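See structure below.
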Amino acid sequence: VEVRSGQEFEKHRHAAERVLDEIETLFPQVSEIISGSEFGQDAVKKARTVCEKARQCIASRDIPQLTETTEALNRTLNMFRGVVSKTRAG
């Protein structure tokens, strides 16, 4: 049971870290693009909070919270991708 739990945690950790890496890569572009908007500043702040929460869940090996936080990370990543792609297209 412990081995399976460890493998499950590693699977979730890997998924979260992959999304975190991509978000971190996009942060500078997104921050620059939406810096003039109050909504944008709030979105960036919330994204940073979600990233920090994910790191805390990884550190504490909290699978249920990590699963929930990874869903929030994916929403953040999709929003970031949308912001960057709209700017490239426009």
Side-chain angles (χ1 to χ4, degrees):
V1 175
E2 195 170 309
V3 170
R4 192 172 76 214
S5 178
Q7 289 172 339
E8 184 177 348
F9 170 76
E10 288 302 316
K11 181 180 80 173
H12 289 287
R13 180 188 63 80
H14 179 72
E17 287 179 343
R18 192 179 70 247
V19 177
L20 273 168
D21 287 346
E22 192 168 347
I23 289 171
E24 291 293 336
T25 301
L26 293 173
F27 254 121
Q29 285 177 277
V30 171
S31 294
E32 185 179 324
I33 292 166
I34 59 181
S35 63
S37 132
E38 188 175 317
F39 164 77
Q41 294 296 333
D42 189 48
V44 168
K45 192 161 89 172
K46 285 181 181 177
R48 290 200 187 280
T49 301
V50 169
C51 290
E52 185 55 39
K53 183 175 181 183
R55 287 187 188 94
Q56 290 171 356
C57 291
I58 290 168
S60 64
R61 300 181 70 87
D62 185 338
I63 294 172
Q65 279 295 311
L66 183 56
T67 301
E68 187 177 311
T69 304
T70 300
E71 291 172 13
L73 284 172
N74 280 313
R75 288 191 298 274
T76 299
L77 179 57
N78 288 335
M79 187 260 304
F80 275 25
R81 286 176 177 161
V83 166
V84 171
S85 71
K86 285 179 184 172
T87 304
R88 286 184 184 152

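Model, not experiment: these values are computed from the prediction.
With hydrogens and angles ignored, the 3.5 Å screen pairs no side-chain donor or acceptor of Gln41 with any backbone N or O of Gly36.
In this structure the side chain of Phe39 never reaches within 4.5 angstrom of the side chain of Ile34, judged on heavy atoms.
One finds the CZ atom of Arg81 at 4.0 Å from the CD atom of Glu22 (value rounded to the nearest 0.5 Å). Atom CD1 in Ile63 sits 14.0 Å away from atom CD in Glu68 (nearest 0.5 Å). Put simply, CD on Glu10 and CZ on Arg61 are 5.5 Å apart, with the number rounded to the nearest 0.5 Å. Taking OG1 from Thr67 and CG from Asp62, the interatomic distance works out to 8.5 Å, rounded to the nearest 0.5 Å. Distance check: Thr76 OG1 to Arg48 CZ gives 11.5 Å after rounding to the nearest 0.5 Å. To the nearest 0.5 Å, atom CZ of residue Arg55 and atom OG of residue Ser60 are 14.0 Å apart.
Contact record, Gly82 with Ser85: O-OG, 3.2 Å, taken as the closest heavy-atom pair. When every heavy atom of Ile23 is checked against every heavy atom of Leu73, the shortest pair comes out as CD1-O, 3.5 Å. Shortest non-hydrogen contact noted between Ile33 and Val83 is CG2-CG1, 3.6 Å. In this structure, Ala16 and Ile58 approach most closely via the heavy-atom pair CB-CD1, 4.2 Å.
If you run side-chain contact (heavy atoms from CB on, under 4.5 Å) between Phe9 and each of Arg13, Gln7, His12, only Arg13 comes through.
For Glu24, the CD atom counts as densely surrounded, since its 6.0 Å shell holds more than 12 non-hydrogen atoms of other residues, nucleotides or ligands. Counting non-hydrogen atoms of neighbouring residues, nucleotides and ligands closer than 6.0 angstrom, the CD atom of Glu32 reaches no more than 12 such neighbours.
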